[in-house]
Amino acid sequence: MTDTVTTTKTNLNKFEKLKAEKDGLAVKEEIAKFASLGWEAMDVNDRDHRLKWMGVFFRPVTPGKFMMRMRIPNGVLTSHQLRVLASVLQRYGDDGSADITTRQNMQLRGIRLEDLPDIFEKLHSVGLTSIQSGMDNVRNITGNPVAGLDADELFDTRELVQQVQDMLTNKGEGNPEFSNLPRKFNIAIAGGRDNSVHAEINDLAFVPAFQEGSGEWGVGSGEWGVGSGEKPEASVFGFNILVGGFFSAKRCEAAIPLNAWVSPEDVVAVCRAVLEVYRDNGLRANRLKSRLMWLLDEWGVEKFRAEVETRLGKALLPATPKDEIDWEKRDHIGVYKQKQAGLNYVGLNIPVGRLYAQDMFEIASLAEVYGSGEVRLTVEQNIIIPNIPDSRLATFLTEALLEKFAINPDMLTRSLVSCTGAQFCNFALIETKNQALEMAQALQAELTLTRAVRIHWTGCPNSCGQPQVADIGLMGTKARKNGKPVEGVDIYMGGTVGKDAHLGNCVQKGIPCEDLQPVLRDLLIQHFGAELNNS
Ligand code: SRM
Ligand code: SF4
């Protein structure tokens with residue numbers, strides 16, 4: 001890291017001081033020591049903050065039972081890896097559970113400190129890592145969940161996402177170059193036509209776009225990883241770059257164009273250059289103003305772009321006028337033909353993303369028995385099992401597990417997304433996952449819907465459940481009823497995804513949770529064509 005980080009930052013906030021005292025990655029060498037000390041005897045800063053550099057989160061709601069946030073690049077897991085994750089949970093009985101996250105990732109719960117050395121060894125043995133998945137690091141990198149399967153894809157994102165992760169984490173060993181960013185940082189690489197990664201809400205996103213003409217400096221051959229493509233030969237595949245998208249309690253912004261286009265070959269280098277500029281120049285005094293967009297505000301896009309080019313050592317081509325996101329966003333639930341003749345991928349609805357060890361063992365077995373032993377995760381907190389041959393499909397569809405994880409769920413459960421909420425998260429103002437499911441079921445019982453409605457619950461203004469991208473977003477808040485404080489939600493509407501994605505806005509504030517059902521019922525009837533049963 002350059003000197004800039006330490007020399008230009010006066011007025012350090014608590015977290016900058018903490019990082020200056022001891023880099024978070026330093027705890028990697030101390031895991032065995034922590035395990036023998038126990039969580040109650042550990043240094044509090046190591047326990048509550050620095051362990052997050054290893055992906056291990058102290059949970060004040062369940063002291064002694066930690067959460068482990070993995071990195072699952074592009075959401076691709078082997079059945080073997082899924083089984084190892086399940087076996088980690090199994091030892092914790094009822095305390096052990098896993099959540100599929102809104103970043104196409106997995107979090108494990110109930111983790112005991114004394115087990116960490118063994119768990120890390122197990123993860124390592126199957127090529128999994130949780131390193132640098134929390135605090136001021138780059139989060140799980142998202143990619144097209146049906147990469148390599150979808151006949152209409154423009155680019156198979158899997159290898160590129162893995163390369164970016166390898167660069168950032170030093171192949172999972174930990175990379176001190178990027179372990180002290182001003183704040184968290186999100187990267188997404190879209191490869192399909194439907195923006196399945198929510199490019200617009202990432203700090204850095206790559207969106208498919210063809211550059212007309214070829215042979216210019218900086219333009220790749222266009223052959224690397226490119227799908228079948230219907231474009232004229234002269235056009236070259238690459239990505240337009242978006243920067244600065246983020247949600248926080250203080251401010252939410254969609255990403256803006258960097259006015260730059262890159263070929264796939266340059267994506268890793270561009271990620272590195274952008275992160276170096278952010279690391280060395282990002283605002284560090286006030287954590288509420290430390291995300292990339294605040295630097296873009298201060299500098300303007302032109303200056304930021306010029307700094308990125310300096311780090312990159314070459315000029316970036318201007319963005320192409322049009323990107324290739326021209327579809328509505330798909331949810332991938334159900335059975336779909338793959339581009340490989342005779343093969344299918346099947347999307348299973350995992351209600352609010354919650355799984356237990358037994359579920360994970362069973363999903364791993366299904367993926368092996370019927371597919372190729374591969375499992376994919378989506379940002380909608382669901383699972384895809386790819387590579388199921390036509391000849392095996394009918395039998396697969398009779399499997400008992402598909403009653404629990406449906407391929408044709410009701411219209412409200414289908415698109416339901418929920419953050420962790422009060423069960424495990426101490427920022428939460430309300431319980432989310434259970435309430436979300438109960439509400440969906442209650443509304444489904446009184447209404448007939450002919451289309452899926454994307455309802456996203458988030459327990460507080462941090463917006464991990466992305467209410468701003470939902471048809472109906474529900475954000476936990478403190479409300480009042482009969483003069484008394486009660487749990488409530490602010491309601492967001494108008495979030496659109498896929499083509500021309502834009503963020504929704506808050507339309508109603510402070511609805512007590514106990515009064516929410518009729519409010520949602522009316523919204524579903526007025527805006528989403530729902531009809532009351534027996535009306
Ligand atoms: Fe988040 C903090 C959970 C996606 C914005 N988020 C947290 C913490 C770590 C707070 C804590 O320590 O308790 C939550 C852990 C709770 C737990 O026990 O699970 C938490 N965030 C989640 C997850 C698990 C929600 C989910 O149920 O899926 C998601 C994990 C993603 C992953 O795999 O890495 C998750 N968080 C998001 C997203 C959505 C996204 O990335 O698309 C956002 C909004 C987008 C963004 O970041 O710009 C998000 N989380 C936040 C913020 C606000 C950031 C800010 O700049 O202020 C916080 C608070 C913070 O960082 O200080 C936060
Ligand atoms: Fe926790 Fe709030 Fe994020 Fe939900 S939105 S996981 S309650 S920080």
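Because the structure is a prediction, the values reported are computed rather than measured. Every number for a ligand or one of its atoms is a count from 1 in the order of the listing.
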For atom 51 (C) of ligand 1, state which one of K52, K184, M135, Q468 supplies the nearest heavy atom. K184
Determine, considering heavy atoms only, which of K289, R291, R354 sits nearest to atom 56 (O) of ligand 1. R291
Tell me every residue that passes ring pair (Phe, Tyr, Trp, His ring centres under 6.0 Å) with F34, counting only those two or more places apart in sequence or in another chain. none
Which residues pass the ring pair (Phe, Tyr, Trp, His ring centres under 6.0 Å) test with F15, sequence neighbours left out? H49
Using heavy atoms and a 4.0 Å limit, tell me yes or no: is [X] in contact with ligand 1?
| X | answer |
| --- | --- |
| K250 | no |
| R109 | yes |
| D99 | no |

Heavy atoms only, cut-off 4.0 Å: how does [X] contact ligand 1, side chain, backbone, both, or neither?
| X | result |
| --- | --- |
| R287 | neither |
| S418 | backbone |
| Q104 | neither |
| Q381 | side chain |
| L288 | neither |

Atoms listed for atom 1 (Fe) of ligand 1 (protein only, N, O or S, under 2.8 Å, no waters) are C464 SG
Interfacing atoms of ligand 1 (cut-off 4.0 Å, heavy-atom, [X]):
| X | value |
| --- | --- |
| T101 | 24 (C), 28 (O), 29 (C), 30 (C), 31 (C), 32 (C), 33 (O) |
| Q466 | 39 (C), 40 (C), 42 (O) |
| F246 | 48 (O) |

Counting non-hydrogen protein atoms only, what is the nearest one to atom 12 (O) of ligand 1? Give residue, atom name and distance. R59 NH2, 2.9 Å
Among all protein heavy atoms, pick out the one at the shortest distance from atom 3 (C) of ligand 1; state its residue, atom name and that distance to 0.1 Å. R69 NH2, 3.6 Å
Is R251 close enough and on-axis enough to W294, meaning under 6.0 Å and within 45°, for cation-pi? yes
Residues I407 and I333: closest non-hydrogen pair is O-CG2, 3.4 Å
What one should report as the nearest heavy-atom pair of V84 and S87 is O-OG, 2.8 Å
Got a salt bridge between [X] and [Y], using NZ or NE/NH1/NH2 to carboxylate O under 4.0 Å?
| X | Y | value |
| --- | --- | --- |
| R272 | E276 | yes |
| K509 | D490 | yes |
| R287 | D136 | yes |

Please confirm whether [X] comes within less than 3.5 Å of ligand 1 when only nitrogen or oxygen atoms on both sides are compared.
| X | result |
| --- | --- |
| I100 | no |
| Q107 | yes |
| S248 | no |
| S133 | no |

Modelled atom types, side-chain donor and acceptor of D115 and Y92, under 3.5 Å: yes
Check the side chains of S463 and Q468 for a donor-acceptor pair under 3.5 angstrom, ignoring hydrogens and angles. yes
In this structure, is the centre-to-centre distance between the rings of F58 and F66 below 6.0 Å? yes
Ring centroid separation for F178 and F185, is it under 6.0 angstrom? no
I need the K433 NZ to L416 CG distance, nearest 0.5 Å. 9.0 Å
For atom 2 (Fe) of ligand 2, check which protein N, O or S atoms are under 2.8 Å away and list them. C460 SG
